[in-house]
A.B. asks: 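Structure in structure tokens, see below.
Numbering starts at 1 and runs along the sequence shown.
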Amino acid sequence: CIFCEIAAGKAPANILFQNETVLVFLSLEGHPLVLPQRHLAGLGELDAQTGAAIMQSAKIVATALRDETNCEGVNLVLSDGQAAGQDVFHLHMHVKPRWTDDEVSLTWDTRTTPAIERTALAQALKTRLTRLV
């Protein structure tokens with residue numbers, strides 16, 4: 001895993017911040033990535049403490065990014081699985097600076113799902129969630 005190699009100091013990277021839980025470095029595209037120091041392939045392996053550390057670090061990095069670049073907004077993007085666009089299978093969050101009319105496109109179908117389908121999905125998810133939390 002290239003991110004494990006970076007975390008171990010065996011591959012080069014522009015490291016911005018690290019502690020015992022998270023590592024932050026610049027992606028090859030030039031925006032920060034926040035990831036766990038230990039290898040976690042995806043969300044299914046993420047524990048609450050590490051998840052909280054990733055989000056807190058992303059918040060701090062976003063603040064620094066706004067201050068340094070004068071960006072008008074920030075997207076936090078975590079893609080979980082190949083179908084979602086994950087291409088490095090070490091969980092990571094992109095901290096992407098945004099400007100009005102920057103031509104970055106994050107799109108999905110925004111048509112309203114029929115109420116009967118929403119209700120059925122909501123009930124199924126509620127049932128499943130009661131078993132998971």
A.B. asks: Quick one: are Pro32 and Leu26 in side-chain contact, heavy atoms under 4.5 Å?
C.D. replies: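 With C-beta onward as the side chain, the pair touches.
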
A.B. asks: Looking at every heavy atom in both Gln37 and Ala7, which two are closest together, and how far apart are they?
C.D. replies: OE1-CB, 3.6 Å

A.B. asks: Is any side-chain heavy atom of Arg66 closer than 4.5 Å to one of Val74?
C.D. replies: yes

A.B. asks: Hey, is the main chain of Ala11 close enough, under 3.5 Å, to the side chain of Glu5 for a donor-acceptor pair?
C.D. replies: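 Not at all, since once roles are kept as given, no pair shorter than 3.5 Å links the two residues.
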
A.B. asks: Would you say Met93 and Leu35 make side-chain contact, with heavy atoms under 4.5 Å?
C.D. replies: no

A.B. asks: Return the CG to CD distance between Leu46 and Gln49, rounded to the nearest 0.5 Å.
C.D. replies: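 Taking CG in Leu46 and CD in Gln49, the distance rounds to 11.0 Å.
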
A.B. asks: Between Val24 and Ile15, is there a side-chain heavy-atom distance shorter than 4.5 Å?
C.D. replies: no

A.B. asks: Between Val22 and Leu40, is there a shared hydrophobic cluster once you connect ILVMFWY residues whose side-chain heavy atoms come closer than 4.5 Å?
C.D. replies: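 Yes, same cluster.
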
A.B. asks: Can you find a pair of side-chain heavy atoms, one from Gln18 and one from Phe25, that are under 4.5 Å apart?
C.D. replies: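 No - every pair of side-chain heavy atoms lies 4.5 Å or more apart.
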
A.B. asks: Going from CG on Asp80 to CZ on Phe89, what distance comes out if it is rounded to the nearest 0.5 angstrom?
C.D. replies: 9.0 Å

A.B. asks: Is the number of heavy atoms from other residues, nucleotides or ligands under 6.0 Å of Leu129 CG greater than 12?
C.D. replies: yes

A.B. asks: May I ask you to check whether over 12 heavy atoms, not counting those of Leu28, lie within 6.0 Å of atom CG?
C.D. replies: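 Not buried by this count: 12 neighbours or fewer within 6.0 Å.
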
A.B. asks: Between Arg38 and Asp47, is the closest basic N to carboxylate O distance under 4.0 Å?
C.D. replies: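 Salt bridge flag = yes for Arg38 with Asp47.
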
A.B. asks: Kindly indicate whether the side chain of Gln123, heavy atoms from C-beta on, has any atom under 4.5 Å from the side chain of Thr119.
C.D. replies: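 Answer no - side chains too far apart.
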
A.B. asks: Rounded to the nearest 0.5 Å, how far does CZ of Arg98 lie from OG1 of Thr69?
C.D. replies: 12.0 Å

A.B. asks: Is it the case that one hydrophobic cluster holds both Leu65 and Val77, taking links as side-chain heavy atoms less than 4.5 Å apart, direct or via other members?
C.D. replies: no

A.B. asks: Counting C-beta onward and ignoring hydrogens, is there a side-chain heavy-atom pair between His92 and Ile54 closer than 4.5 Å?
C.D. replies: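 Not in contact.
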
A.B. asks: CG/Leu16 to OG/Ser57 distance, rounded to the nearest 0.5 angstrom?
C.D. replies: 11.5 Å

A.B. asks: For the CG atom on Asp109, are there more than 12 heavy atoms of other groups (residues, nucleotides or ligands in this structure) within a distance under 6.0 Å?
C.D. replies: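 Yes.
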
A.B. asks: Quick one: pull up CG in Leu33 and NZ in Lys96 and give me the separation to the nearest 0.5 Å.
C.D. replies: 10.5 Å

A.B. asks: Name the orientation class of the two ring planes belonging to His94 and His31 (parallel below 30°, tilted from 30 to 60°, perpendicular beyond 60°).
C.D. replies: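 Taking His31 first and then His94, their aromatic rings sit tilted (interplane angle of 30° to 60°).
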
A.B. asks: Do Leu76 and Val95 touch side chain to side chain, with heavy atoms closer than 4.5 Å?
C.D. replies: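 Sidechains of Val95 and Leu76: in contact.
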
A.B. asks: Work out which heavy atom in Trp99 is nearest to a heavy atom in Cys71; give both atom names and the distance.
C.D. replies: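 Distance-wise, the nearest heavy atoms are NE1-CA, 3.2 Å.
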
A.B. asks: Among Leu78, Val34, Thr50, find the residue that satisfies the side-chain contact (heavy atoms from CB on, under 4.5 Å) test when tested with Leu91.
C.D. replies: Leu78

A.B. asks: About how many Å separate CD1 of Ile60 and CZ of Phe17, when rounded to the nearest 0.5 Å?
C.D. replies: 6.5 Å

